[in-house]
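Before any comments, here is the structure.
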Amino acid sequence: MGKKIGWIGTGVMGSPMCMHLLKAGNELFVFNRTKSKASSLMEEGAAWCNSPAEVAGNAEVIFTILGAPPDVEEIILGRDGVLGNADPGKIIVDMTTSEPALAERIARDASAKGVEALDAPVTGGHVGAREATLAIMVGGEKETFDKVRDILNVMGNNVQYRGAAGAGHHTKMCNQILVAGNIVGAVESLFYAYKAGMDLNEVIDVIGTGSGASACINGLGRRIAEGDFNPKFFIKYFVKDMGIALAEAKRMNFSLPGLALANQFYISAMAQGYENLGIQALYKVFERMNGE
Ligand SMILES: NC(=O)c1ccc[n+]([C@@H]2O[C@H](COP(=O)([O-])OP(=O)(O)OC[C@H]3O[C@@H](n4cnc5c(N)ncnc54)[C@H](OP(=O)(O)O)[C@@H]3O)[C@@H](O)[C@H]2O)c1
């Protein structure tokens with residue numbers, strides 16, 4: 001028997017994730033800033049809601065996967081938001097890549113109302129969302145996690161409880177620090193290949209199985225080789241993520257110089273107007289830096 005599930009944020013990630021829940025036989029109540037981005041879900045039977053409040057009124061478990069922390073704050077804690085309109089016993093699961101401190105605040109405010117809340121960011125990109133192979137890292141009360149574990153398993157194949165509220169986001173920051181190093185390495189490697197007059201795909205055919213292999217070289221590297229800089233993971237969101245990780249490191253009093261350098265490259269990408277391109281467009285920054 002399906003559940004009544006709310007879903008707010010039907011973008012690159014949210015739309016395919018939500019589709020899996022629909023196809024698994026759940027009743028879906030959806031809201032997004034741009035309604036047309038929910039049309040494929042509505043065609044499959046999802047019910048459109050006119051506000052986050054309406055989603056909260058209809059659903060037992062409410063998922064959000066929005067852009068950045070201010071969006072999460074507005075949609076969950078805002079005046080017409082989810083929490084203010086959720087009855088005791090309901091569960092809010094925020095899957096946005098967001099700030100640990102905001103997750104702690106949401107969990108505290110929710111608990112005061114008898115509502116349960118989890119932070120559950122994801123990794124695996126749009127392919128993982130489409131194929132339900134996401135890794136999902138969850139912070140909050142273990143009992144709450146146990147209540148929604150089956151739902152999360154519909155969207156991912158590596159669902160892990162990570163600890164108290166905020167622990168999901170801390171784990172996601174570890175992932176983003178890793179991606180930052182990998183993408184700079186992938187871009188520099190392929191730019192070297194280009195300057196040495198080699199075919200980028202042929203180089204990836206070799207090094208993509210080597211000791212430096214990563215999702216960045218094998219996935220995004222192929223797109224660089226094809227000159228495809230369209231977004232699956234926006235530069236603007238990656239800069240948001242690196243900002244969160246750097247702020248957390250500063251708060252905990254340690255340095256992340258590699259991440260800080262990657263962040264500077266991406267700030268340059270933003271300054272060049274690439275914020276709505278995919279993170280592989282860092283390659284274009286290297287081209288420009290080197291007079292191409
Ligand atoms: N793409 C990836 O590979 C990937 C992987 C892992 C994690 N993430 C993270 O997952 C989150 C979503 O990423 P995405 O790529 O799916 O981004 P996206 O395509 O921009 O999706 C975000 C969705 O949330 C909606 N939204 C944002 N703020 C809203 C608000 N205040 N009210 C109502 N709707 C709002 C947006 O509506 P509009 O379309 O109308 O603006 C959009 O449909 C981000 O935090 C990102 O860092 C992304």
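Read the numbers this way: they start at 1 and go in the same order the structure lists the ligands and their atoms. Given the structure is predicted, the values throughout are model-derived calculations rather than measurements. Nothing fancy with the numbering, it's 1 onward along the sequence.
By the criterion of a heavy-atom distance under 4.0 Å, neither the backbone nor the side chain of Ile8 is placed next to ligand 1. The parts of Phe233 lying near ligand 1 are both backbone and side chain, judged by heavy-atom distances below 4.0 Å. Contact annotation for Lys37 and ligand 1: only side-chain heavy atoms (C-beta onward) come within less than 4.0 Å of the ligand. With a heavy-atom cut-off of 4.0 Å, Lys240 touches ligand 1 through its side chain alone. Counting heavy atoms under 4.0 Å from ligand 1, residue Lys35 does not touch it at all.
In the vicinity of Glu74, heavy-atom distances shorter than 4.0 Å reach the ligand 1 atoms 31 (N). Under a 4.0 Å criterion applied to the non-hydrogen atoms of Ile65, ligand 1 contributes the atoms 10 (O), 11 (C), 12 (C), 22 (C), 23 (C), 24 (O). Within ligand 1, the atoms closer than 4.0 Å to a non-hydrogen atom of Asp71 are 28 (N), 31 (N), numbered from 1 in the order shown. Atoms of ligand 1 found under 4.0 Å from any heavy atom of Lys172, numbered from 1 in the order shown, are 6 (C), 7 (C). When each atom of ligand 1 is checked for a heavy atom of Val122 under 4.0 Å away, the hits are 6 (C), 7 (C). Heavy-atom proximity to Gly11, at under 4.0 Å, picks out these atoms of ligand 1: 16 (O), 19 (O), 21 (O), 23 (C), 43 (O).
Annotation: Phe29 is not in aromatic contact with Trp7 [ring centroid separation under 6.0 Å not met].
Atom 32 (N) of ligand 1 has its closest protein heavy atom at Ile75 CD1, 3.3 Å. If you check which protein heavy atom lies closest to atom 9 (C) of ligand 1, you get Thr97 OG1, 3.5 Å. The single protein non-hydrogen atom nearest to atom 19 (O) of ligand 1 is Val12 N, 2.9 Å, given as residue, atom name and distance. Regarding atom 45 (O) of ligand 1, its nearest protein heavy-atom neighbour is Gly67 O, 2.7 Å. Distance from atom 48 (C) of ligand 1 to its nearest protein heavy atom, with residue and atom name: Met13 CG, 3.6 Å. Counting only heavy atoms of the protein, atom 25 (C) of ligand 1 lies nearest to Asn32 OD1, 3.1 Å. Here the heavy atom of the protein found nearest to atom 40 (O) of ligand 1 is Thr34 OG1, 2.4 Å. For atom 17 (O) of ligand 1, the nearest non-hydrogen atom of the protein is Tyr237 CE1, 3.1 Å.
Between Phe234 and Tyr237, the two ring planes are perpendicular [angle over 60°; tilted spans 30° to 60°]. Between Tyr194 and Tyr283, the ring planes are perpendicular. Angles over 60° get that label, and only those under 30° would be called parallel.
A donor-acceptor distance shorter than 3.5 angstrom exists from the side chain of Asn58 to the backbone of Glu54, with no hydrogens or angles considered. Side-chain atoms of Lys3 do not come within 3.5 Å of backbone N or O of Val61 as any donor-acceptor pair. His20 contributes a side-chain N or O that, together with a main-chain N or O of Arg130, makes up a donor-acceptor pair within less than 3.5 Å. Checking side-chain atoms of Lys172 against main-chain N and O of Val122 turns up a donor-acceptor pair under 3.5 Å. In terms of modelled atom types and a separation under 3.5 Å, the side chain of His170 and the main chain of Glu99 share no donor-acceptor contact.
A donor-acceptor pair shorter than 3.5 Å can be found between the side chains of Asp94 and Thr64.
Lys284 forms a cation-pi arrangement with Tyr274, by the criterion of a distance under 6.0 Å to the ring centre and an angle within 45° of the ring axis.
Taking the side chain as every heavy atom from C-beta outward, Met242 and Phe265 never approach each other to under 4.5 Å.
When the options Thr96, Leu66, Asp241 are ranked by their closest heavy atom to atom 44 (C) of ligand 1, first place goes to Leu66.
If you take CD on Glu44 and CG on Leu28, they are separated by 11.0 Å, rounding to the nearest 0.5 Å. We find the CG-CD1 distance between Leu118 and Ile91 to be 7.0 Å, quoted to the nearest 0.5 Å.
At under 3.5 Å, not a single nitrogen or oxygen of Thr123, backbone or side chain, sits near a nitrogen or oxygen of ligand 1. Any N or O atom pair closer than 3.5 Å counts here, and Lys232 shares at least one such pair with ligand 1.
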